[in-house]
Number of protein chains: 2
Amino acid sequence: MNEAPRISRQFSLCMVMEAIVHCGPISRASIAKQTGLSKQTISEIARQLEEDGWIRETGRTTGHVGRSAVTYEIVPDAACIATVDLGGTKVRAAIADLSCQVLAEVTEPTDERGGIHVIRQMARLCREAADLNNITYEKMRMAVVGVPGAPDQEKGRIAMSPNVTGFDTLDVRATLAGELGVEVILENDVNLAAIGEHWIGSVAGVDDLAYIAIGTGIGAGLMVGGELVRGFGNAAGELGFLPFGTDPFEAESLQVGALERVTATVGIRRRYKELSGTELDVPGIFDALQAGDAHAVQVLDETARYVARAVAAICAITNPGKVVLGGSIGSRMELVERVRDLLPLCFPSPVELDVSELGARVAIVGGAAVGLTHLHATLFSGGIPGAEITLPPARVVKLVEAAQ
Amino acid sequence: MNEAPRISRQFSLCMVMEAIVHCGPISRASIAKQTGLSKQTISEIARQLEEDGWIRETGRTTGHVGRSAVTYEIVPDAACIATVDLGGTKVRAAIADLSCQVLAEVTEPTDERGGIHVIRQMARLCREAADLNNITYEKMRMAVVGVPGAPDQEKGRIAMSPNVTGFDTLDVRATLAGELGVEVILENDVNLAAIGEHWIGSVAGVDDLAYIAIGTGIGAGLMVGGELVRGFGNAAGELGFLPFGTDPFEAESLQVGALERVTATVGIRRRYKELSGTELDVPGIFDALQAGDAHAVQVLDETARYVARAVAAICAITNPGKVVLGGSIGSRMELVERVRDLLPLCFPSPVELDVSELGARVAIVGGAAVGLTHLHATLFSGGIPGAEITLPPARVVKLVEAAQ
DNA sequence: TAATAAGTTCGGTAACAGAACGAACTAAAA
DNA sequence: TTTTAGTTCGTTCTGTTACCGAACTTATTA
């Protein structure tokens, strides 16, 4: 890439790249038709892109009348990004290449020592994931890390991250960037999940959506018009603080959140113990439900009622076209079906409710989407507003499970 | 404007227009410095714009060393738009010109016959507002109409519009467009209010905000990242259906909305009657409050509690940087101050809460913002994404009250 | 008159469109 | 099977638009 190509050239280049990324192997003549640019311009740009190693010839067309055309495709391993999902118990890492494939994924239990150890672990997993796909590490351009809590992009710290010790004071972003040698983007894991589902999950194509994660806590990732809603203080989607469930004016609600107290793990377990006298963990309560335990049924019904109200609250405020439930509790069909039945009773217009399609991988996929968008922007659109390359639809992406 | 100017020229033209719109009378040399384009290019574009009648010479600079510069400004009456606020009781219309001034405003009681009569009334008021400013009617390019309820852009109808009869079946958009002879945009009045406050109101410059209107009903206009949140079915901000206040699972809540029943006009009056036995209208209840009526105090306190919870719900979901209250009830300081006191008790992080600055005019101003943005886009940016002209800040806009 | 800034004129270059043309391929006629 | 017509691909060439930068002219202040 030269010093400063003219704005119109950058625009054309973007259109060409978008055509190639989206339409797989494609001839120059087709690109010309699709973009409206002249054949001559396309040839010029293609020559440049091939010289710089971003695209390559891939074959020729045959079978139809007329001269056969040379087809071009992205060089998948010309560049790649890493995506990491840092959970309280597990760390997942994957590589996504320039052709928007999400490649082999590596998983490990989170290093319990926390702090710098976890950062080194993430860096190591990124390298391992790259090795697994025979991608030379130097091709990596950036890493996206999904973390619980609210990351502060400037200071690189992560506020409200109860699961990993030491991340509230350490500059996670800079430290990891140092270890990896590339730019690092931190993002809330639920936000990434929303982006992932929007890209190739159960809400693909719907630009107004909500992803609700219910597990240790309750939180949502929201998209409006295809853009993530971050909020003024990066605190959008903090459903735990919705003012119902318990009395929001109780002092305790300022700590844990009125709704969080009754819909998340702790609340469910407490309620079950109150009713039955027995201590069970959440999977245990779901097992009891299957076995016909009346207390479990009651707890689940109550929880579903609160979740339905949370969904109603989101619908009243942002009116998404689809709502996805996820997280260890939110992805249980027993809960989803109850919520589905209750929603029409507390909200006037019908709401499409679905379970997360990508399951535990959703944040990884979302991170890949974020990383690839950034990658395309920096490599090809040259910072020109309105010249973004949209990610190709689901069909080109496949997930490869790596043996551990 | 020629057939199809090259994309780079369109871009440059936009930058030049933006500089002139924002920086008032400005010399070509200054534009060159600001935009980074060469002096030669600016002269060329300025010549073109002057020929087409969009800008004109306005004077020369003096006082500093060097040759004096010719300054240019927008020709304000080269084009204009009309903006109408259609309320249940009043219709307001105003004209906004190309230099982003909102000019004289005309008000009338809404024609009670409804339907086509109201449409003719709006058309007449637009013409009157133009006449008042000696703007020839032919210069008008489009009209923006703020309406209660949810307008359907395609069919031109307005769903849920209880205040004007016949608007749920009539193609309001097409009919008014026919009467006026220009394109018409319909928009929810609360959404326009949010846009108005964002442009030159109490949240100017804050890109994540909520405008809550409390009056006959309760509704919100939301902006995220400077963009309006419309929602999948144009139903974002329907706060009346937030699932608290009354039991959201009651059948009645599907009709009127659990929260609407206790925070809007009817709910407040009902509650006051329950407590005191006396029937009063809302202004009367506020008067009683001033007079120290204990029942009025209790009703207002309860209402403020519900409003605080509604604000908390919005903050939990979209986390705006500022929240504005408006509408006949929402703009009463007695209520705003109570809500301000209650918010820290039910939401953990501090929330900036303000009253609407533009009062009854807020929708008119919002409509002007929408219309002018469209006008600039169609006239100068030629449909190129990322080449939008942002509206100039508040200082250039003044409101002129027209004698009725 | 010197310094400075505004604005114009004059090459030179990048980017693109469109026409013309050669190359490669298919299918149907000889 | 060979030839030929028709079709599409891709390149070359030419002309236009848009831009920049340097040199130059003009106007103004000190």
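Just so it is clear: chains get the letters A, B, ... in the order the sequence lines come, proteins before strands, and each one is counted from 1.
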When the distance from CZ of A/Arg67 to P of C/dA27 is rounded to whole Å, what number comes out? 18 Å

Taking the side chain as every heavy atom from C-beta outward, state whether B/Cys23 and B/Gln34 have any pair of such atoms under 4.5 Å apart. yes

Would you say D/dA18 has OP1 or OP2 under 4.0 Å from some side-chain N or O of B/Thr41? no

Side chain of A/Ser12: nearest nucleotide among C/dG7, C/dC16, D/dT11? C/dC16

Among C/dG7, D/dT28, D/dG10, find the nucleotide with the atom closest to the side chain of B/Ala29. C/dG7

What nucleic acid atoms does A/Leu37 come within less than 4.0 Å of, heavy atoms only: base, sugar-phosphate, or nothing? sugar-phosphate

Want to settle it: does B/Val65 or A/Val65 sit nearer the 5' end of DNA chain C, counting the closest nucleotide to each? B/Val65

Rounded interatomic separation in angstrom, taking NZ from A/Lys33 and P from C/dG18: 15 Å

Whole angstroms only, please: what is the CZ-P distance between A/Arg6 and D/dA18? 12 Å

Taking all atoms of both residues into account, what is the closest heavy-atom pair of A/Met17 and A/Ile389, and its distance? CB-CD1, 3.8 Å

Distance check needed: D/dC24 C1' versus B/Lys39 NZ, whole Å only. 10 Å

Ignoring backbone atoms, test whether B/Ser43 places a side-chain nitrogen or oxygen under 4.0 Å from the OP1 or OP2 oxygen of C/dT8. yes

Within this structure, what is the CD1-to-C1' distance between A/Ile7 and D/dA18, rounded to whole angstrom? 12 Å

Separation of atom CD1 in A/Ile26 from atom P in D/dG10, rounded to whole Å: 11 Å

Nearest-Å distance, CZ (A/Arg9) to P (C/dT13)? 17 Å

Please check the phosphate of D/dG10 (OP1 and OP2 only) for any side-chain N or O of A/Arg47 closer than 4.0 Å. no

Name the nucleic acid region contacted by B/Glu44, choosing base, sugar-phosphate or nothing; use a 4.0 angstrom heavy-atom cut-off, strictly under. nothing

Nearest-nucleotide 5' precedence on DNA chain C, A/Ser38 against B/Arg28: B/Arg28

Evaluate the side-chain proximity of A/Ser381 to A/Glu18: yes if any heavy-atom separation is below 4.5 Å, no if none is. no

How far apart are the closest heavy atoms of B/Ala94 and B/Val102, and which atoms are they? CB-CG1, 4.3 Å

Walk me through it: do B/Gln40 and B/Glu44 pass the test side chain to side chain donor-acceptor pair (under 3.5 Å)? CA-CA 6 Å; B/Gln40 193 265 0; B/Glu44 214 171 278; 3.2 Å; yes

Can you check the B/Gln40 CD to C/dC10 C1' distance for me, whole Å? 10 Å

